[in-house]
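Written out below as structure tokens is the structure these notes cover.
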Amino acid sequence: MARRKRLPRKFFLQPDVVAASRALLGKYLVTAIDGEQTAGMIVETEAYRAPDDKACHAWNNRRTKRTETLFAEGGHAYVYLCYGIHHLFNVVTGPAEVAQAVLIRAIEPTDNLERQLARRGRDRVRPQLTAGPGVMSKALGIRTDHDALDLRASDSPIWLEDRGRVVSEADIASGPRVGVAYAAECAEWPWRFWIANSPWVSKWKK
DNA sequence: CACGGGATCGTCT
DNA sequence: GACGATCCCGTGT
């Protein structure tokens, strides 16, 4: 059994959200929600940051009730509702007052597959179980009421672990982020990262 | 397998 | 009142 260690505070405080997005690949996202512990290894991420990134909700350092969480200290969860249906989970990184976060887009499910299947209403473990930010959150039980949660707190129902999986730079592929065509020149920035050759990465049409 | 459209609601204008 | 950092299902091939 690989050693399990929660990510240290300094991990979340690293100033470069792009580096953090790469570093989160291979880490484990664990939830203890509704009396069930579930988890998976992160295989796909995207970086968002203010003030220069137009695809970021806090672009130009815009502060609203919703974006306030993005200005929290690294280590908090930013969860918001997308298309009125999907709960998208992000890890806020960097120092307080600097709005940036990593969207977790897909995991390779590892712990308690039965519960993850039940939450998704499926009966077979396939990539579409957790490939995509909305379905991943659903499989892990993450909801918008977990927004602003401190992932570093010992009693947090959501946390991140290092289980010893090593992801080398050569194992990381990158490309434009999904669904941000409206963000002008920022749409082309290669801020989506995934573990090359992983079947658990989301597939989306160009 | 590709495509098209509907679902559904918080947020900001 | 418009629009998403999406997903699923139906249709046609």
Side-chain angles (χ1 to χ4, degrees), chain A residues 16-18 20-22 24-25 29 40 42-72 74 76-94 98-109 116-149 151 158 173-195 199-206:
Chain A
D16 181 357
V17 69
V18 171
S21 297
R22 290 171 161 275
L24 279 169
L25 295 174
L29 177 58
I42 297 168
V43 298
E44 182 180 351
T45 62
E46 281 180 0
Y48 289 87
R49 79 173 180 205
D52 58 325
D53 174 16
K54 293 180 180 174
C56 180
H57 291 157
W59 170 62
N60 206 20
N61 284 333
R62 188 178 59 143
R63 293 185 94 120
T64 66
K65 187 174 189 340
R66 180 177 65 156
T67 66
E68 196 56 36
T69 307
L70 284 167
F71 292 87
H76 286 80
Y78 174 49
V79 188
Y80 74 95
L81 190 63
C82 186
Y83 292 100
I85 304 172
H86 306 290
H87 301 245
L88 271 52
F89 174 80
N90 302 247
V91 178
V92 176
T93 65
V98 177
Q100 51 187 21
V102 179
L103 170 67
I104 310 301
R105 289 190 53 86
I107 57 168
E108 175 180 333
Q116 296 192 48
L117 285 167
R119 284 177 175 142
R120 292 275 287 112
R122 306 247 158 176
D123 55 9
R124 300 190 75 117
V125 177
R126 301 169 177 286
Q128 55 262 44
L129 178 68
T130 53
V135 292
M136 181 207 76
S137 290
K138 188 167 185 185
L140 294 179
I142 296 172
R143 304 176 300 265
T144 53
D145 42 297
H146 295 113
D147 179 53
L149 190 69
L151 303 170
I158 307 174
S174 65
R177 294 169 293 181
V178 176
V180 298
Y182 64 88
E185 70 277 6
C186 307
E188 298 163 26
W189 297 355
W191 282 8
R192 172 179 176 245
F193 305 96
W194 64 94
I195 294 181
W200 301 97
V201 170
S202 72
K203 325 226 183 320
W204 94 109
K205 17 193 190 293
K206 199 172 179 190

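Any value given below was found using the heavy atoms of this structure, including those in side chains, with hydrogens, waters and symmetry copies removed. Chain identifiers are assigned alphabetically (A, B, ...) following the order of the sequence lines, protein sequences preceding nucleic acid strands; residue numbering begins at 1 within each chain.
The side chain of A:Y80 places no N or O atom within less than 4.0 Å of a non-bridging phosphate oxygen (OP1 or OP2) of B:dC9. Considering only side-chain N and O atoms, A:R122 lies under 4.0 angstrom from the phosphate OP1 or OP2 of C:dC8. Between A:R192 and C:dA5 there is no side-chain polar atom (N or O) within less than 4.0 angstrom of OP1 or OP2. In this structure, A:H57 reaches the C:dA5 phosphate: one of its side-chain N or O atoms is under 4.0 Å from OP1 or OP2. At the phosphate of C:dC7, neither OP1 nor OP2 sits under 4.0 Å from any side-chain N or O atom of A:R120.
Using N1 to N3 plus N6-O4 or O6-N4 for Watson-Crick, or N1-O2 and O6-N3 for G-U wobble, each under 3.5 Å, C:dA5 pairs with nothing. The pairing partner recorded for B:dT8 is none, the criterion being a Watson-Crick or G-U wobble arrangement whose two distances lie under 3.5 angstrom.
Taking atom CG on A:N90 and atom P on C:dT6, their separation rounds to 11 Å, with Å as the unit. Computed from coordinates, the A:N60 CG to B:dT13 P distance equals 12 Å when rounded to whole Å. Distance A:D147 CG to B:dG10 C1': 12 Å, rounded to the nearest Å. If you take CD1 of A:I104 and C1' of C:dA5, they are 13 Å apart, rounded to a whole angstrom. In this structure, CG of A:L70 is placed 13 Å from P of B:dT11, rounded to the nearest angstrom. A straight line from NZ of A:K138 to P of B:dT8 spans 12 Å, rounded to a whole angstrom.
Contact annotation: the side chain of A:I107 never approaches that of A:W200 to less than 4.5 Å [non-hydrogen atoms, C-beta and beyond].
Under a cutoff of 6.0 Å and an axis angle of 45°, A:R177 and A:Y48 form a cation-pi pair.
Listed nucleotides C:dA5, C:dC8, B:dC9 differ in distance to A:V180; the shortest reach to its side chain belongs to C:dA5. You'll find that the side chain of A:Y48 is closest to C:dA5, out of C:dA5, B:dT8, C:dC7.
Remark: A:C186 SG to A:D52 CG distance equals 7.0 Å, nearest 0.5 Å.
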